[in-house]
J.: 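Have a look at the structure that comes next, please.
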Amino acid sequence: MPSDYQSNIDLAENVSLDPLAVGRSRCMANIAFSAGSIILSNSSFIDILLPSEKGHRCDHCHNLSGIGSLKRCTGCASFYYCDHTCQSKHWKSGHRKICKLYNTYISAASFQALEEHKKMDALLLSSLIAHLSSVDAKERDENTAFLTFQSLLPGPMTTSAPPICPKHSFTAGVIDGFYSRFENNNFSIHSHFNTYAHGIFPIASRLFNHSCMPNAAVKFIIQVHKPVKLEIVALRAISKGDEICIPYIDPALLQTRTTIFDLTYGFTCSCPSCNVIRKVGFIPEPPKEPVRFQAVCERLREFVGVMGLSPFLTGDDSLFPTELTCVLHESFISTLSEQFSAASHDGRYDVALESSSSLFALYQLIYPLNYPQIGKCLHLLEKAKTCWNHIVRSTSTMEVAAELKNSVVAAKQILTVIGHEGDHDDGPLAEIETLLLEVETYD
Ligand SMILES: C[S@@+](CC[C@H](N)C(=O)[O-])C[C@H]1O[C@@H](n2cnc3c(N)ncnc32)[C@H](O)[C@@H]1O
């Protein structure tokens, strides 16, 4: 068991579990949380880097280093560490059970035949078994993380576990039981909101249900020599007695998310946003013809400009105009994103800003307040950068300068609520600070 495993149960004392007929239980706030409060802090139980991150990050603490500066395990040459401290901790917590077998395991036909996400599950499961095999049975069976992991609800699929790496003494039934918890309790670990690893955080999994209009979100903290830490952050003020929910998947998957909940998690989402989508029923494709597409975008911006609270937050579909149902088609987001990127890249800043404003309007409709995807960029930081390019490369108006200021201030507010996440470099917040300095020259 990783000796650094830490779960801040003190913080979890501010929440409690309420029984539920569907999905066993839900997490309730025992106190009021202000926006930005950390509700839970929980170290990774097991985690695995994405293949693309191997050699860039330490396999133990995930610290990002320049290529060549990490120390490679001399046993397998496939795991990389900041230094002897990280290597020694990773060795003791399970790598010693995998090291000699790892390369044969990942090059075997049975592993190579797995789909990419199943390969990640197979590696996570191998890490779990390696952890469990590297401590004595008494210590293992009294470990909070392991006990909590075993208490997690299994996913709806009943597939057998993929081939795993270490030699062990668990029966196939026990391994399948572990595996049945992977699909619906697996977190994507991100830095500045870009996924770089997968991991299991049993206490967070035990506590938080999903909502497509969540009042909390997950972020990760990378600390040198320690396992990555998950934090649950309040996105807005949460009252005592409110249920606390996080998003399991991007709520912008407006059409496919129902299938994902059904197949991967085994539940039907009853959040206000899903209720509106159910009541809307058939979602038509957005018009292909540019003039009609632009008319839908204009109507969307107008509706969002005057709507007050989003119907996706209140669940009141009577507020949602029928002529806008096509904006819920997933191709609407991808079309606008492509328009925005292409126009921005080609220096057609007017077009880029209009696409960006439409995307931002859609995001205000379908995402809760302070949702990181809005602050992360694309629609505020990226928009601000486009405004800035517009200003420096052409004779743009005061209107664009005002839009730059509004975007950058709003992006900063969201990222301030979420707080720092991931790698130690300042990421999007640093870019915002730079842009804010530029904005001042226009005040
Ligand atoms: C990570 S666990 C969440 C904690 C879970 N409620 C428990 O009591 O252990 C994920 C599982 O919780 C249930 N669940 C999560 N969100 C739900 C929701 N919005 N409605 C119903 N069930 C939900 C599903 O069974 C899902 O597979």
Side-chain angles (χ1 to χ4, degrees), residues 7 9 11-12 14-30 39-47 117 120-121 124-125 128 144-159 176-190 198-220 230-233 235 238 242-254 256-278 312-315 366-368 371:
S7 71
I9 305 293
L11 284 167
N14 294 328
V15 299
S16 53
L17 286 173
D18 253 17
L20 258 191
V22 179
R24 182 166 62 179
S25 57
R26 58 187 183 148
C27 179
M28 313 301 287
N30 287 348
I39 298 166
L40 175 82
S41 176
N42 190 193
S43 296
S44 142
F45 177 41
I46 40 169
D47 55 68
H117 79 278
M120 290 301 286
D121 280 356
L124 264 182
L125 188 59
L128 173 69
T144 316
F146 182 48
L147 290 173
T148 312
F149 174 74
Q150 286 177 297
S151 78
L152 297 178
L153 289 176
M157 306 270 245
T158 49
T159 45
D176 284 350
F178 292 155
Y179 185 59
S180 68
R181 270 120 187 145
F182 270 58
E183 204 122 354
N184 61 334
N185 293 289
N186 187 339
F187 283 87
S188 294
I189 302 175
H190 36 78
H198 285 199
I200 302 288
F201 298 81
I203 294 178
S205 280
R206 178 67 191 87
L207 288 172
F208 300 103
N209 282 346
H210 165 88
S211 170
C212 306
M213 272 292 186
N215 52 11
V218 180
K219 71 170 182 177
F220 296 90
L230 164 152
E231 290 187 346
I232 304 289
V233 191
L235 290 180
I238 298 176
D242 282 356
E243 180 179 4
I244 304 172
C245 288
I246 58 173
Y248 288 1
I249 57 171
D250 186 345
L253 295 168
L254 293 158
T256 43
R257 67 191 194 195
T258 308
T259 313
I260 299 173
F261 298 143
D262 185 29
L263 295 181
T264 309
Y265 297 96
F267 70 87
T268 304
C269 188
S270 55
C271 76
S273 167
C274 282
N275 287 341
V276 169
I277 291 178
R278 257 189 297 275
F312 291 78
L313 191 61
T314 59
I366 62 168
Y367 282 137
Y371 192 77

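Whatever order the structure lists ligands and atoms in, that order sets their numbers, starting from 1.
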J.: With respect to Phe187, which candidate in Phe208, Phe182, Phe201 satisfies the ring-ring contact (aromatic ring centres under 6.0 Å, His included) definition?
T.: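 Between Phe187 and the candidates, ring-ring contact (aromatic ring centres under 6.0 Å, His included) is satisfied uniquely by Phe201.
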J.: In terms of residue, atom name and distance, what is the protein heavy atom nearest to atom 7 (C) of ligand 1?
T.: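 Of the protein heavy atoms, Arg206 NH1, 3.1 Å lies nearest.
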J.: Quick test of your reading of the structure: of Asn186, Asn209, Asn185, Leu153, whose heavy atom lies closest to atom 6 (N) of ligand 1?
T.: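 It is Asn209 whose heavy atom sits nearest to atom 6 (N) of ligand 1.
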J.: What part of Phe208 sits under 4.0 Å from ligand 1 if we count only heavy atoms: the side chain, the backbone, both or neither?
T.: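 Phe208 to ligand 1: backbone contact only, side chain stays beyond 4.0 Å.
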J.: Looking just at side-chain N and O atoms, do Thr268 and Arg278 make a donor-acceptor pair shorter than 3.5 Å?
T.: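 Result is no, nothing qualifies.
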J.: Measure the distance from atom 20 (N) of ligand 1 to every protein heavy atom, then report the residue, atom name and distance (to 0.1 Å) of the closest one.
T.: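 Residue, atom and distance for the closest contact: Phe267 CD1, 3.5 Å.
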J.: Any donor-acceptor pair under 3.5 Å linking the side chain of Asn215 with the backbone of Cys245?
T.: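 At least one qualifying donor-acceptor pair exists.
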J.: Which residue holds the protein heavy atom closest to atom 19 (N) of ligand 1, what is that atom called, and what is the gap in Å?
T.: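 Checking every protein heavy atom, the shortest distance to atom 19 (N) of ligand 1 gives His210 O, 3.0 Å.
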J.: Give me the ring orientation class for Phe261 and His210: parallel if the planes are under 30° apart, tilted from 30 to 60°, perpendicular past 60°.
T.: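 The rings of Phe261 and His210 sit tilted, inter-plane angle from 30° to 60°.
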J.: Is there at least one pair of N or O atoms, one from Gly23 and one from ligand 1, spaced under 3.5 Å apart?
T.: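 It does: an N or O of Gly23 is found under 3.5 Å from an N or O of ligand 1.
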J.: State whether the side chain of Asn185 and the backbone N or O of Arg181 hold a donor-acceptor pair below 3.5 Å, judged by distance alone.
T.: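 Yes, the answer is positive, given that a donor and an acceptor are paired below the 3.5 Å cut-off.
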J.: Using 30° and 60° as the class boundaries, would you call the ring planes of Tyr265 and Phe267 parallel, tilted or perpendicular?
T.: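 Ring orientation of Tyr265 relative to Phe267: tilted.
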J.: Check each of Phe261, Phe201, Tyr248, Tyr265 against atom 10 (C) of ligand 1 and report the one with the nearest heavy atom.
T.: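 Nearest option to atom 10 (C) of ligand 1, by heavy atoms: Tyr248.
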J.: Please enumerate all residues that pass ring-ring contact (aromatic ring centres under 6.0 Å, His included) together with His190, with sequence neighbours excluded.
T.: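 Only Phe193, Phe220 meet the ring-ring contact (aromatic ring centres under 6.0 Å, His included) criterion with His190.
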J.: Show the atoms of ligand 1 that are less than 4.0 angstrom away from any heavy atom in Ser205.
T.: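 So the answer, numbered in order with elements, is 1 (C), 2 (S), 3 (C), 4 (C).
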J.: By number and element, which atoms of ligand 1 are closer than 4.0 Å to a non-hydrogen atom of Arg24?
T.: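 Listed by number with element, the hits are 7 (C), 8 (O), 9 (O).
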